[in-house]
Asker: 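Quick one: this structure, given as structure tokens, is what I'll be asking you about.
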There are 2 protein chains.
Amino acid sequence: MPYDPSAFPPFAVTVDLVVLTVRRDALCALAVRRGEPPFQGRWALPGGFVRPDEDLAQAAARELVEETGLCAHDPDAPAQDNGAHLEQLATYGDPKRDPRMRVVSVAHLALAPDLPAPRAGGDANSARWAPVEELLQRGGYGRDGEQAAPLAFDHAQILADGVERARSKIEYSSLATAFCPTEFTVGELRRVYEAVWGVALDPRNFHRKVTGTPGFLVPTGGTTTRQGGRPAQLFRAGGATLLNPPMLRPEV
Amino acid sequence: MPYDPSAFPPFAVTVDLVVLTVRRDALCALAVRRGEPPFQGRWALPGGFVRPDEDLAQAAARELVEETGLCAHDPDAPAQDNGAHLEQLATYGDPKRDPRMRVVSVAHLALAPDLPAPRAGGDANSARWAPVEELLQRGGYGRDGEQAAPLAFDHAQILADGVERARSKIEYSSLATAFCPTEFTVGELRRVYEAVWGVALDPRNFHRKVTGTPGFLVPTGGTTTRQGGRPAQLFRAGGATLLNPPMLRPEV
DNA sequence: GATCATAGTCGTCTGCCTGACGATAAGCAC
DNA sequence: GTGCTTATCGTCAGGCAGACGACTATGATC
């Protein structure tokens with residue numbers, strides 16, 4: 001690819017991923033431990049350089065597969081397969097965000113159902129799901145009492161932006177179903193909302209809302225009792241992607 | 001700035017601007033005529049390279065001043081001054097979007113009140129406000145019966161995304177006031193909504209909604225009769241940036 | 001000045017949606 | 001069966017939006 005370095009300043013372009021899931025009723029993000037400077041040993045968001053011949057979305061999907069094995073699907077397609085939802089989040093390009101060189105990072109947001117375990121080159125110690133509060137709070141204590149250092153680079157900001165995007169987007173879209181397996185119950189979907197928003201929702205009103213919105217949920221006919229209690233109907237995500245009127249997030 | 005070209009593929013990074021305004025009851029965007037290949041003579045969105053020492057937002061603000069003379073203000077600050085609202089829109093990085101080289105463009109969205117006239121190096125023929133429908137429709141006829149060619153590069157897509165962002169964002173935020181001068185009437189604000197959404201709104205219900213939302217509008221005490229008819233109260237934008245419950249966009 | 005056209009502003013009414021919450025159903029553990 | 005858990009259906013009141021009537025205050029026109 002010919003270019004004249006004097007005509008424009010060269011940048012490195014990367015994609016960083018905010019991969020969110022809900023596990024044990026908590027909103028968790030995927031973090032990887034940096035093996036090299038800068039920020040060696042610190043936790044960071046997964047990501048990497050965009051290759052010369054790939055689109056930004058392709059690069060994000062490739063990184064997602066490499067880190068989680070998840071297959072991303074088109075954001076405009078319904079979430080039928082087991083793939084994760086993937087969308088562009090925002091781009092971060094502060095001149096000093098990477099001490100080595102000028103790096104512009106196109107952050108992407110991925111929403112995935114609960115997965116067995118992260119895989120990062122087979123090294124179980126170098127990737128983990130961590131509750132977002134734990135990753136965002138400064139100076140707190142992480143798992144195993146380990147001192148939780150802030151995320152590397154500006155990744156705390158990127159994660160915060162991704163979490164905020166997810167929190168607001170499940171209000172008016174069916175995106176919360178991306179956190180659920182293919183078949184799920186109304187209660188499981190409600191627990192997703194409760195975990196992402198950090199609030200308690202009335203089960204009866206929630207049930208009325210989601211089952212009363214045409215095209216949002218499609219009953220599969222089956223039932224399950226995996227949550228204990230009375231068996232619940234199983235649903236799949238319907239074709240509707242927009243929720244109108246939106247789900248209302250309660251005031252704090 | 002030291003870097004090793006063999007370690008990562010170099011990219012050119014640009015900012016492109018979707019500058020929107022409302023003039024003569026139509027949503028218009030700023031377009032500039034390209035003076036050099038590729039797409040020489042075609043209309044495009046204003047933009048340019050990001051400089052090595054500036055942030056993306058700084059680059060966008062600089063381009064905005066160069067093209068319109070508008071001073072951008074912080075998106076989190078209230079729209080008090082005469083500056084335009086400026087926010088990041090999305091990033092476009094298809095490998096083939098620029099035939100010359102690999103260019104990643106961080107598009108920004110600017111909303112401005114109606115301005116006298118665009119200035120692009122004093123050349124009145126090289127920049128203009130055009131209704132977005134005219135810029136987005138392919139093969140139609142523009143001003144002066146001129147054959148309207150599609151915008152250069154992927155700028156039609158960028159413009160469409162920017163318009164959609166503006167259309168949805170005025171639903172739940174006070175962003176529509178960015179299209180108005182410092183002092184404006186309820187009717188002028190309503191005409192902004194009507195122009196951006198392309199629908200007619202009931203003046204009485206609109207008045208009830210905007211005046212009944214605390215912190216949205218602040219009366220200045222003055223009145224004006226510039227629209228003809230009964231004099232209308234003048235307002236400034238209040239501190240509230242979020243509209244809850246949102247303004248509802250009527251179905252088509 | 002009377003009349004008209006134009007815009008702005010205040011009210012009313014009805015229907016829909018939400019929040020609060022009671023009641024019932026259907027599993028499991030003991 | 002008793003108790004516990006979760007799911008699901010119903011009821012009721014309040015808030016808000018859409019539809020629209022009524023009145024007000026200016027400039028334009030006769």
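Just so it is clear: chains get the letters A, B, ... in the order the sequence lines come, proteins before strands, and each one is counted from 1. From a predicted model like this one, the values you see are computed outputs, not experimental measurements.
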Asker: CG of B:Asn244 versus C1' of D:dC16: gap in Å, rounded?
Answerer: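 So the CG-C1' distance, B:Asn244 to D:dC16, works out to 12 Å.
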Asker: About how many Å separate OG of A:Ser174 and CG of A:Leu243, when rounded to the nearest 0.5 Å?
Answerer: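 Going from the CG atom of A:Leu243 to the OG atom of A:Ser174 covers 7.0 Å.
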Asker: Whole-Å distance between C:dG8 C1' and B:Phe235 CZ?
Answerer: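 Roughly 10 Å, once rounded to whole Å.
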Asker: Using the closest heavy atom to pick a nucleotide of DNA chain C for each, name whichever of B:Arg208 or B:Arg191 lands nearer the 5' end.
Answerer: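 The residue mapped nearer the 5' terminus is B:Arg191.
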Asker: Over how many whole Å does the gap from B:Phe184 atom CZ to C:dG8 atom C1' extend?
Answerer: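 Rounded to the whole Å, the gap is 16 Å.
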Asker: Just by protein heavy atoms under 4.0 Å, how would nucleotides 25-30 of chain C read 5' to 3' in B, S and -?
Answerer: BBS---
Asker: Scan B:Arg165, B:Arg249, B:Lys209 and name whichever one has a salt bridge (charged side-chain N to carboxylate O under 4.0 Å, His left out) with B:Glu171.
Answerer: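 Answer to the salt bridge (charged side-chain N to carboxylate O under 4.0 Å, His left out) test with B:Glu171 among B:Arg165, B:Arg249, B:Lys209: B:Arg249.
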Asker: Closest to the A:Gln227 side chain: C:dT9, D:dT8, D:dT6?
Answerer: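 In terms of side-chain proximity for A:Gln227, the closest of C:dT9, D:dT8, D:dT6 is D:dT6.
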Asker: Do the side-chain N or O atoms of B:Lys209 get closer than 4.0 angstrom to the phosphate oxygens (OP1, OP2) of D:dA17?
Answerer: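 For B:Lys209, the contact criterion (side-chain N or O under 4.0 Å from OP1 or OP2 of D:dA17) is met.
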Asker: How about B:Phe184 and B:Phe235: are their ring centroids closer than 6.0 Å?
Answerer: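 No; B:Phe235 has its ring centre 6.0 Å or more from that of B:Phe184.
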Asker: Where each residue is assigned the nucleotide of DNA chain D containing its nearest heavy atom, which of A:Arg190 and B:Met247 is assigned the position nearer the 5′ end?
Answerer: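 Closer to the 5' end of DNA chain D: A:Arg190.
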Asker: Kindly point out which of D:dC20, C:dC21, D:dA7 is positioned nearest to the side chain of B:Asp202?
Answerer: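 The nucleotide sitting nearest to the side chain is D:dC20.
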Asker: Among the nucleotides D:dC20, D:dT8, C:dT9, which one has an atom lying closest to any side-chain atom of B:Val186?
Answerer: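 Among D:dC20, D:dT8, C:dT9, the one nearest the side chain of B:Val186 is C:dT9.
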Asker: Separation of B:Tyr172 atom OH from D:dC16 atom C1', in whole Å?
Answerer: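 From B:Tyr172 OH to D:dC16 C1': 21 Å.
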Asker: Choosing from C:dG19, D:dA17, C:dC10, which nucleotide comes nearest the side chain of B:His207?
Answerer: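 In terms of side-chain proximity for B:His207, the closest of C:dG19, D:dA17, C:dC10 is C:dC10.
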Asker: Whole angstrom is fine here: how far is it from CG in A:Leu234 over to P in D:dA7?
Answerer: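 Answer to the nearest Å: 11 Å.
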Asker: Can you measure A:Leu189 atom CG to D:dT6 atom C1' for me and round it to whole angstrom units?
Answerer: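 Rounded to whole Å, this separation is 16 Å.
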Asker: Take the protein atom CD of A:Gln233 and the nucleotide atom C1' of D:dC9, then report the distance between them rounded to whole Å.
Answerer: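 Value for this atom pair: 12 Å.
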Asker: What heavy-atom pair brings B:Leu136 and B:Ala160 nearest, and what distance separates the two atoms?
Answerer: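 In terms of heavy atoms, the two residues are closest at CD2-N, 4.1 Å.
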Asker: Does any N or O donor sit under 3.5 Å from an N or O acceptor when you compare the side chain of A:Arg204 with the base of D:dG10?
Answerer: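 Looking at the base of D:dG10, it does not pair with any donor or acceptor on the side chain of A:Arg204 (distance under 3.5 Å).
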Asker: For the side chain of A:Asn205, starting at C-beta, report the closest nucleotide among C:dT9, C:dA7, C:dG19.
Answerer: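 My answer, after comparing the listed nucleotides, is C:dG19.
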Asker: Can you see whether A:Trp43 has A:Arg128 sitting over its ring - NZ or CZ less than 6.0 Å from the centre and within 45° of the normal?
Answerer: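 Positive - A:Arg128 is close enough to the ring of A:Trp43 and near enough to its axis.
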Asker: Yes or no on side chain to side chain donor-acceptor pair (under 3.5 Å) for A:His155 and A:Gln157, after CA distance, side-chain angles and deciding distance?
Answerer: CA-CA 5 Å; A:His155 288 185; A:Gln157 181 64 51; over 6 Å; no
Asker: Drop me the distance from B:Glu87's CD to B:Leu111's CG, to the nearest 0.5 angstrom.
Answerer: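 Going from CD on B:Glu87 over to CG on B:Leu111, the span is 7.0 Å.
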Asker: Atom CG of A:Leu201 to atom P of D:dA7: distance rounded to whole Å?
Answerer: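 It is 13 Å, rounded to the nearest whole Å.
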